[in-house]
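Basis for what follows: all heavy atoms, side chains included, without hydrogens, waters or symmetry-related copies. Chain letters run A, B, ... following the sequence lines, proteins first, then strands; residues in each count from 1.
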Amino acid sequence: MSEHETEEPRRLNFLEALVEEDLASGRDGGRVCTRFPPEPNGYLHIGHAKAICINFGMAEKYGGACNLRFDDTNPTKEDVEYVDSIQEDVRWLGWQWDGEPRYASDYFEQLYAWAEELIEKDLAYVCDLNQEETREHRGTATTPGTNSPYRDRTPEENLALFRRMRAGEFPEGSCSLKAKIDMASPNFNMRDPVLYRIMHAHHHRTGDAWCIYPMYDFTHGQSDAIEGITHSLCSLEFENHRPLYEWFLENLSVPSQPRQTEFARLNLTYTVMSKRKLRELVESGAVNGWDDPRVPTLSGMRRRGYTPAAVRNFIDTIGVARFNSTIDLVVLENAVRDDLNKTAARRMAVLDPVKVVITNYPEGESELIEAVNNPEDDSAGTRQIPFGREVWIEREDFREEASRKFRRLVPGREVRLRYAYCITCDEVIKNADGDITELRCTYDPETANGQTPDGRKVKGIIHWAPAEAVDLEVRLYDNLFKDPDPEDVPEGVDWRENLNPDSLQTITAKGEPALADAAPGDRVQFERKGYFCADSGDSKPGAPVFNRTVTLRDTWAKIEKRDAGA
RNA sequence: UACCCCGUGGUGUAAUUGGCAACACAUCUGGUUUUGGUCCAGACGUUUCAGGUUCGAGUCCUGGCGGGGUAACCA
């Protein structure tokens, strides 16, 4: 459209640069294949969204494929509930994995064969040390480990033992299969890591077929190799595992040579991201389930009203590097505001209503006011709102006394009711407790439709709801934690003490009649208040329930706060 | 403490083979506006430190300082 269409292509992040180098050198025959490998032991959160967008995005950008692979090697922690929710979340974000979902458990037979291959090469042995003894033999940061007394068993002996492990002849913990690498290595991962452990546990996919299960390290790289993954992108904490990842690829007859590259995971202020901590919040009842709109799970964010586009744009703007950083939550909020500003229909709702009686408006009469549905989108059209002698306005939009800066309703001053008339407050009615129960105002009939025939400027504009308003249950969400870094607590203090007691406030609001018919999942902007989403679980046409996704940017609140501080 | 990784404005991400440090968000100031929203314009400010190589260092080398990761039969 514009003449400066020659927009500079976005600079490459270090992963894109790496892939382009590989493409240029013909490393994988010009092929790019990535994977997203979640363990099905919990719900996906916004941190996973980063990994998802990086892996799927890289495949999309370079004409490759991205697999969805469940890393299901620990049957005691995993469940189909999670494999279902993970697929739903990935699809919700708008990504499509290549073919069917894969499972590491599909490769158990091959992995087992590779374990025997290692034994035959005298690179693995069955060790009878128990867990505690194994830890003791591993040594410490400053002292090398000591060899297991079982390290020199012959390949024949090991093979027989390993087959008996598989056959279920041994109890859990009695022995394990270990790689024979180097107990003196400065990298703990290379000090004879455990490859297989005995678990007499039922697996959600393989049932009771196995009683030995491979460890992550023995599974991940080989699974990548089986699937022809070219770029195995994972988070920074696997950096020290890379030498082991490569050791298996070198010593086993694998079909391809994937390469692992690490990037920094996402941290956000005012929230926690670890699965363990999220689980604690859910199980302790601090929040109402994995899809509570206050937790950063994708299902929670979806319920809160976040859009896939907002999440993807967010991930796009934060970039990716190898530096551990923390993104300010407002960046996420801006991303959803930016998307919803363009797409959400405007409606009027009064969250904390106070009655206004327009004394010079003819009793018993009413009219219809036309309102724009979305000033950012002409095609959204207009709607009609009833207007009469009584309306609701926001309690905070009235003050008995206020400075000039307060551009709202004050006795003797004039404001415009959005899309309707200008009113002037004449009288304040209070109850015995001194609470304001009613404001008596007069309107200027000449000020319909934004007009002021005498040309006077009325700067204040406030939203309102008609007497025919419907009651809306509205859930006002705030940050889950009071502190930007909730996990940073002094010794002995529980991080949950940082929980914000006011993270959820439920109120009844007055909304324009059209809001009664909201369908679950509908997103709207309540003018001047924020973006809201009809709750996907509890909202019903006729009995709407709205979750606040995010407030609008509030410049006035900022001014007041600053002036109060000064 | 041992090993590995990382240090660029308030925050996050860029900077071709070494060549005038850029973009976004935040903040501040103005403008537009029937949302104190949106949008537009401007301002603000930076290479962790000390040496070295070089005509020239954010980039290369050495050392210090600071931050993170790892020490599960979890992933």
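We find that CG of A:Asp217 is positioned 14 Å from C1' of B:rA71, with the value rounded to whole Å. Distance NE2 (A:His241) to C1' (B:rC3): 13 Å, rounded to an integer number of Å. When the C1' atom of B:rA75 is taken as reference, atom CG of A:Leu244 falls 14 Å away, rounded to whole Å.
Proximity of the aromatic rings of A:Phe162 and A:Tyr112 is defined here by a centroid distance below 6.0 angstrom, and this criterion is met. Centroid-to-centroid, the aromatic rings of A:Tyr43 and A:Tyr82 come within less than 6.0 Å. Outside the 6.0 Å centre-distance limit, the rings of A:Phe526 and A:His463 are not counted as a close aromatic pair.
Residue A:Arg408 places a side-chain atom within donor-acceptor reach of the base of B:rG36, judged by atom type and a 3.5 Å distance cut-off alone.
For B:rC74, neither phosphate oxygen OP1 nor OP2 lies less than 4.0 angstrom from any side-chain nitrogen or oxygen of A:Arg276. Contact annotation: A:Arg562 reaches the phosphate of B:rU29 (side-chain N/O to OP1 or OP2, under 4.0 Å). At B:rC74, none of the side-chain N or O atoms of A:Arg279 fall inside 4.0 Å of OP1 or OP2 (strictly under the cut-off). Proximity of A:Thr269 to the phosphate of B:rU11: no side-chain N or O atom is located under 4.0 Å from OP1 or OP2. Phosphate contact (OP1/OP2 of B:rC5, side-chain N/O of A:Arg265, threshold under 4.0 Å): absent.
Of all the residues in residues 173-193 of chain A, A:Gly173, A:Pro186, A:Phe188 reach under 4.0 Å from RNA chain B with at least one non-hydrogen atom.
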Secondary structure of RNA chain B in dot-bracket form (Watson-Crick or G-U wobble, distances below 3.5 Å, | marking inter-strand pairs): .((((((..((((.....[..)))).(((((.......)))))....(((((..]....))))))))))).....

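Side chain of A:Asn13, nearest nucleotide from B:rA14, B:rC25, B:rC74: B:rA14.
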Contact letters for nucleotides 15-23 of chain B, in which S counts primed atoms plus P, OP1 and OP2 and B counts the base, heavy atoms under 4.0 Å: ---------

Protein proximity profile, nucleotides 30-35 of chain B - base contact B, sugar-phosphate-only contact S, no contact -, cut-off 4.0 Å on heavy atoms: ----BB

Using a cutoff of under 3.5 Å, can you pull out all pairs of nitrogen or oxygen atoms linking the protein to nucleotides 63-68 of chain B, with atom names and distances?
residue	atom	partner	partner atom	Å
B:rG68	O2'	A:Asn324	ND2	2.8

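Put simply, the side chain of A:Gln384 does not reach to within 4.5 Å of the side chain of A:Ile369, judged on heavy atoms. Within the 4.5 Å cutoff, no side-chain heavy atoms of A:Val126 are placed close to those of A:Arg164.
Within 4.0 Å of A:Thr140, counting heavy atoms only, lies no atom of the nucleic acid at all. Counting any heavy atom pair closer than 4.0 Å across all strands shown, A:Thr317 reaches no nucleic acid atom. Nucleic acid contact class of A:Phe406 (heavy atoms, under 4.0 Å, all strands): base.
Under the ring-ring contact (aromatic ring centres under 6.0 Å, His included) criterion, A:Tyr107 pairs with no residue, sequence neighbours left out.
Aromatic ring pairs are classed by plane angle as parallel below 30°, tilted from 30° to 60° and perpendicular above 60°; the pair A:Phe108 and A:Trp210 is perpendicular.
Stacking here means ring centres nearer than 5.5 Å and ring planes tilted less than 30 degrees, and by that measure A:Tyr216 does not stack onto B:rA75.
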